Amino acid sequence: MTNFRSEPFLWIHLSGLAVLPLCLELVWLGLSIGEPFLPFRLELLLIALIGIVPIFLMQWKRPFDIFSLLIIALNPTQLTSEQRQLLSLFKLPRQKIVNAIAPIILLIILWQLYKFAPVATIATANFPQIRILGFLVATFAFLLSNLFLQVPLSVLAVLLTKEEKCQKIEPYAVEKIAQDFTIPGIKINQVPSFLVVD
């Protein structure tokens, strides 16, 4: 097996961490719009549940297929045995530990953003002060925050795998990929040219 760390899809998904601060800023701005219409603990709980549960369950049960880019996905039948070995790494038990850590981190951050939301009211003063609008923005942005933390952390755990372990692991069965992984987008048979490493 060639060095698995040279797989471009790993680095593309790891770079999703760069989007995380922007998503969290949108959460912060959303929380600063309007006056809360629910008790703050209930509002925070709703944002946390809607933002965390879908991504957590996806990563726990059917992890995001890293050979996907949201709108397109490499057809499982076209994956090399080395790429299927990488998929096997995403199904190791240690990945569930990573999946459990990410929501805890984000819950702590969400609490801090909620506490400091009044500071952002200056930035959102020109927006309609409709709380449901702010709630929806904050919730959707928090959902994206979870996606852009959970997937990159899973990728990071794979990148930290020892080379020998990766070489010994069995490639994931082609026929099981579609049922065991979340594959969004249109399935294509060829890697886009910008992802090809010479």
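What you see is a predicted model; the values in this text were computed from it and never measured.
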Pair L10, R5 - check side-chain contact (heavy atoms from CB on, under 4.5 Å), show working. CA-CA 7 Å; L10 288 174; R5 292 181 183 88; 5.7 Å; no
Run S32 and T121 through side-chain hydrogen bond (donor to acceptor under 3.5 Å, both in side chains) and show every step you take. CA-CA 5 Å; S32 73; T121 53; over 6 Å; no
side-chain contact (heavy atoms from CB on, under 4.5 Å) between L143 and I50, intermediate numbers included: CA-CA 7 Å; L143 180 74; I50 297 168; 5.6 Å; no
Can you check side-chain hydrogen bond (donor to acceptor under 3.5 Å, both in side chains) on Y172 and Q83, steps first, answer last? CA-CA 9 Å; Y172 214 81; Q83 289 172 322; over 6 Å; no
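Residue K96 places its NZ atom among more than 12 non-hydrogen atoms of other residues, nucleotides or ligands, all under 6.0 Å distant. Atom CZ of F127 is surrounded by 12 or fewer heavy atoms from other residues, nucleotides or ligands within 6.0 Å. Enclosure of atom CG in L160 by more than 12 non-hydrogen atoms of other residues, nucleotides or ligands within 6.0 angstrom is indicated. Within 6.0 Å of atom CD1 in I132, more than 12 heavy atoms from other residues, nucleotides or ligands are found, so the atom counts as buried in its surroundings.
Note on V155: it clusters hydrophobically with I97, by side-chain heavy-atom contacts below 4.5 Å among ILVMFWY residues. Taken together through direct or relayed side-chain contacts under 4.5 Å among Ile, Leu, Val, Met, Phe, Trp and Tyr, L92 and I66 form part of one hydrophobic cluster. The hydrophobic clustering, which links ILVMFWY residues whose side-chain heavy atoms are closer than 4.5 Å, places I169 and V174 apart. Under the 4.5 Å side-chain heavy-atom criterion for ILVMFWY residues, no single connected hydrophobic cluster contains both L29 and W111.
No option in L89, L14, L87 other than L89 meets the side chain to side chain contact (heavy atoms under 4.5 Å, CB included) test with V158.
Aromatic ring centroids of F90 and F64 lie 6.0 Å or more apart.
Side-chain contact check for T161 and R94: at least one donor-acceptor pair (N or O, by modelled atom type) lies under 3.5 Å. Between the side chains of E170 and S88, not a single donor N or O lies within less than 3.5 Å of an accepting N or O.
L159 has its side chain within reach of W11: a pair of non-hydrogen atoms, C-beta onward, lies under 4.5 Å apart. In this structure, the side chains of H13 and L69 come closer than 4.5 Å at one or more pairs of heavy atoms.
For the pair W28 (side chain) and F116 (backbone), a donor-acceptor distance under 3.5 Å is present. Under a 3.5 Å cut-off, the side chain of Q95 and the backbone N or O of S154 do form a donor-acceptor pair. For Q85 (side chain) and Q167 (main-chain N/O), a donor-acceptor pair under 3.5 Å exists by modelled atom type.
Across all non-hydrogen atoms, the minimal contact from T182 to R62 is OG1-O, 2.6 Å. Pairing each heavy atom of L147 with each of M58, the nearest pair is CD1-CE, 4.1 Å. Contact record, I183 with A73: CG2-CB, 3.4 Å, taken as the closest heavy-atom pair. Closest approach of G51 and N146 over heavy atoms only: O-ND2, 3.1 Å.
Figure legend: cation-pi geometry between K115 and F40 absent, as NZ or CZ is not positioned both under 6.0 Å from the six-membered ring centre and within 45° of its axis.
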